[in-house]
Structure formats: C-alpha cells, structure tokens
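Here the structure is laid out as structure tokens; the discussion comes afterwards.
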2 protein chains.
Amino acid sequence: MSSTEKNHPTSRQTAGLSVSKKAYHHGDLRAALIEATRQLVEEKGPDSFSVSEACRRAGVSTAAPYKHFKDKTEMLVATVLEGMDRHRDKMLAALEGVPEGSPERITAIGMEYIAFALNEPGIFRLKFGGFTDRIADPRLEDGGQQSFGILLTEVAKCLGEPGITDEVRRRGFLLWSFVHGLSFILHDKGLAEKGEEFDLHTLLEDVSERMLS
Amino acid sequence: MSSTEKNHPTSRQTAGLSVSKKAYHHGDLRAALIEATRQLVEEKGPDSFSVSEACRRAGVSTAAPYKHFKDKTEMLVATVLEGMDRHRDKMLAALEGVPEGSPERITAIGMEYIAFALNEPGIFRLKFGGFTDRIADPRLEDGGQQSFGILLTEVAKCLGEPGITDEVRRRGFLLWSFVHGLSFILHDKGLAEKGEEFDLHTLLEDVSERMLS
DNA sequence: AACATATGTTAGAGACGCTAACTTGATGAG
DNA sequence: CTCATCAAGTTAGCGTCTCTAACATATGTT
C-alpha cells in the first residue's frame, strides 16, 4: 500500500487547496489523518467511522484535525478525493500495452472499475454510495467526469468516431451504467456469490460487444 | 400490501393494515417511528438521520424506540424493509396490463426501478448504498432475491425458456446490473442532468433488445 | 380486584463533533 | 542571536447523540 512516511511530501493536493505545508510538530498530519481515515473506513465501514478514532490512530488530540479540515465531512471528502486519484491512475495504468482502438481497452477499464469496488469497498461506497450527494464540491464533480472521459475516449476510438459525438456519449453512458451497476452488485454480494457464478472478464467482453456493435 | 413477516414473540406486527395489536399509549408507535424515519431519511439524508429527531417528530421520548427496536440500525433496517415491500409491489403493479412475454415487461420493471431511485432516494440509498453491507439479516437478503426473481421470470418468458436456466440467469444478471447502475447514476446526478440528455424509456428498450437478442 | 406484561417516562453514562483559549515550536527580520 | 509571528498542536468544555437502568402506567387476563 501507499507507504506514507513522515518525511515524504506525498500529499499531492488537488487544485484549489493551499500549497504543500511543511513539517511542524507531527510531520504531515493532514496526510496521516487521511490515511487513518482510509484505513478506518475500510475496517469499520463509513458509517462507523469517527474522527476521534482517526485521531487516536494518528496519535493526536481530537481537536487536531480541525486545523486541517473544516469538519468531519471535509475530512471524508479529502479521503475520497485521494481515492479517486488512485482509482483514475489505476484505470489509466490498466490501458498500458493494450492496443489502441481495441475493445479490450474497454473491458480493461471495466475490470479496473470493478477491482476498485472489491478492493476498496469503503472508499467505493463513499464515492458512489450517496455520501457525496448533498455535497457541492467541484473537485468531486471533476473526478467523476475525468473517469467518464477516459471511457468516452476509448469508446470513440472503438467506434471509429472522430471525437466525443452524441452516439459515443450514448454508448459510453450505457457501458458506464452497466459497469457501475455490476460493481455495486459485486460490492454488495461479494465476489464469492456472484463472481464465481460468472466469469467477470467474459461478462465484460460480452457486454462491450453488445453495446459497441 | 400485506407485510409477509414472521415475527418472533416479542415484536408483534409491522405497520400495515392487519394490526392485531391494539393501541396502548401511542396507538402504533412502531409504525409511527418507521414513518418518521422514512421522512427524515428523505429530508435530511440517511447520514444526518438521528433517532432523537424521529422521536421528536413522533412526539415521544428518546428512549421510547428501544421498546420496539434493538438499536438505531434495526430501526433503519425496518424502514428499509418497509420500502422494499413497496418497491416490490410497485414493480409488480407496473406489469399489470402489459402482454405476457413481451420485452416491454422488462422495460416496465426497469422504469419502476429507476422511478424508485428518483422518488425515494433516501430509502434507495439505504437499501443499495452499502448501509446493509455489514448487516446479516435474512429479510434483507430475501427482499433482494424476490426483486431479482421477478426480473428473471420475465426474462425467461421473453427468451422462451422453460424456466430459470443458466442462460436466463446470465441475461437477467446483465440487465439487472445495467438498470441498477443506471438508477444509481440518475440518483447521483439527478434527472435534470442525465434524464434530459437521454430518453429513459428509449434507453431501456435499446438495452433490453441488445441483451435479449 | 389483582397481577403480569407491554409500553411509556425521566435520569444519566459515555462517545462524539466541534469550538475557545492556551501553549509550543519553526521561521525569518533585525 | 534575539525575538516577534504565526502555524500547528494542546486541554477543557458545551451540546448532541445513542443506549441503558429504574421507575410509572395502561391493558387485559384471571
């Protein structure tokens, strides 16, 4: 996993926030709290997460986070954003070496989408499970659009379209819906119940073909 | 509309018509609390829901619910179950008058699924957004299986298969994934953003045809 | 009428979110 | 080097929340 050491300035902030802060007492409490939050969200589930417990894990007082985050919600949002970054990077990495314009690129994105839901169910749920519904943060919106944009680009190439046409957008939307729903179902029921009944890769290939033909 | 619930001796009856239990102090506090919970979950969102506020709305003390529910989680689960009953009934009602074996029955189910996500986003999120992930309640499992079963029955008839064969299960699973994902996306982004870009009924017809052919 | 039980109440413990006020330590100016 | 400044931590405490314990009362059975 991401070995966030105290000396490494690994806290890559997304646009909009102040520049990287230097190490004072703790080192990089902001990053440490995000990591603690991520762990707890995975271990106990997003509903059972508490700021206090994250503080205990980070070894600071319960008031410390409020020097870095406005409130609990912003702390979770920051953790979600960090997860979205990783998710996007992994999807892009999954495209490496796969021939341009091949439908296999679509399934590669889908497989990575599903993998994220299964490997990081807590973050997946925070990102897509409705937690962000009532939060108006442009960074959340941008992250989602970026992921969708990656898919649309591949769909356009697969269909031989010159760019993001209406037809591309429509097909992409259908594919996105399917993969999104499939991820949720697998996330809910677990790989054991449904992942063994159907081979995921075959399933994705099947759907990609149906949607792109 | 009958609640098909088998009760253990302590908890008598869910809300509904066949109230074999007479009115004591309140009348039917259990049903009142479920209704208050449902309202609050829709108004404030599941995350902001508190038992205390439901008590205020029902006009009882904050300790009263614990005579009817083990804890906050069970109170929310009861509310979700009530919503699942309504959801299932509405899906069945949507099939009335639609010719047997026609793919229109598939789209009718899908439209009702989506309608639930849009009309009752709070309950939808509680049911599918991961809240029930760590809760092992057979009634939750049964409810989901029932809805899936309705779809599978229609898929079998559409494909002309004798029963729930492996192929039916596979096609149904694909359709379910798509509708599930579509509901989530519309739930997230709202009908304004995506529902205007694409006509939902046409979208569903399109996908049904692709999946069933 | 008397009793047992279901259903409500008040009081309070313990956890949590968050704020106010104080303390500490790194940094840069002179 | 000294010191003022300010970021980043601390403790103390308020209000709210979940849930329990102990008590009070309605119901309906006998």
Side-chain angles (χ1 to χ4, degrees), chain A residues 6-7 9 11 13 17-37 40-41 43-79 126 131 134-135, chain B residues 7-15 19-37 40-41 43-79 126 131 134-135:
Chain A
K6 296 175 182 177
N7 299 329
S11 67
Q13 271 115 350
L17 281 191
S18 51
V19 218
S20 64
K21 319 200 158 143
K22 303 166 96 179
Y24 284 88
H25 305 89
H26 182 280
D28 192 349
L29 182 55
R30 183 187 157 88
L33 284 172
I34 287 178
E35 174 59 16
T37 300
L40 285 171
V41 160
E43 289 172 21
K44 319 274 184 182
D47 294 329
S48 304
F49 167 77
S50 79
V51 176
S52 311
E53 202 165 356
C55 289
R56 264 172 249 134
R57 189 158 294 201
V60 293
S61 72
T62 62
Y66 298 93
K67 299 292 178 183
H68 300 272
F69 307 97
K70 179 174 137 268
D71 54 14
K72 176 181 181 177
T73 295
E74 203 181 66
M75 203 162 145
L76 285 168
V77 166
T79 307
L126 277 178
F131 163 67
R134 291 164 191 260
I135 303 171
Chain B
N7 297 307
H8 40 69
T10 50
S11 80
R12 268 302 174 184
Q13 207 29 292
T14 42
V19 183
S20 62
K21 203 68 181 172
K22 303 243 192 89
Y24 285 85
H25 302 92
H26 182 282
D28 191 351
L29 182 54
R30 182 185 160 90
L33 284 172
I34 287 178
E35 175 58 17
T37 299
L40 284 171
V41 160
E43 289 172 22
K44 320 273 185 183
D47 294 328
S48 304
F49 167 77
S50 79
V51 176
S52 311
E53 202 164 356
C55 290
R56 267 171 247 134
R57 189 159 293 202
V60 293
S61 73
T62 63
Y66 298 94
K67 299 292 178 182
H68 299 271
F69 307 98
K70 180 177 135 263
D71 54 14
K72 177 181 181 178
T73 294
E74 202 182 68
M75 202 162 147
L76 285 168
V77 166
T79 307
L126 277 179
F131 162 67
R134 292 165 189 262
I135 303 171

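None of the values given here were measured: they were computed from a predicted structure. Numbers restart at 1 for each chain; the letters A, B, ... are given by sequence-line order, proteins then strands.
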Distance in angstrom units between [X] [atom1] and [N] [atom2], rounded:
X: Y66(A); N: dC22(C); atom1: OH; atom2: P; result: 21 Å
X: D28(A); N: dG9(D); atom1: CG; atom2: P; result: 9 Å
X: L76(A); N: dG17(C); atom1: CG; atom2: P; result: 10 Å
X: K67(A); N: dA26(C); atom1: NZ; atom2: P; result: 17 Å
X: E74(A); N: dC18(C); atom1: CD; atom2: C1'; result: 14 Å
X: D71(A); N: dT16(D); atom1: CG; atom2: P; result: 17 Å
X: D47(B); N: dC17(D); atom1: CG; atom2: C1'; result: 15 Å
X: R30(A); N: dG9(D); atom1: CZ; atom2: P; result: 12 Å

Does OP1 or OP2 of [N] have a side-chain N or O of [X] closer than 4.0 Å?
X: T62(B); N: dC17(D); result: no
X: R56(A); N: dC16(C); result: yes
X: K72(B); N: dT18(D); result: yes
X: H68(B); N: dG8(C); result: yes

Candidates dG9(D), dG8(C), dC17(D) - which lies nearest the side chain of S52(B): dC17(D)
Closest listed nucleotide, where the reference is the side chain of A63(B) and the choices are dC16(C), dA21(D), dC17(D): dA21(D)
Atom pair CD1/NE2 of I34(A) and H68(A) - distance to nearest 0.5 Å: 10.0 Å
At their closest point, which heavy atom of [X] faces which heavy atom of [Y], and how far apart are they?
X: K44(A); Y: E53(A); result: CE-OE2, 3.4 Å
X: D71(A); Y: Y66(A); result: CA-CE2, 4.0 Å
X: S50(B); Y: L40(B); result: O-CD1, 4.5 Å

Side-chain heavy atoms of L76(B) within contact of F69(B), under 4.5 Å: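 Heavy-atom side-chain distance check fails, nothing below 4.5 Å.
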Sugar-phosphate only, base, or nothing, as touched by S61(B) at under 4.0 Å among non-hydrogen atoms: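 The answer is base, as S61(B) lies within the cut-off (heavy atoms under 4.0 Å) of a base atom.
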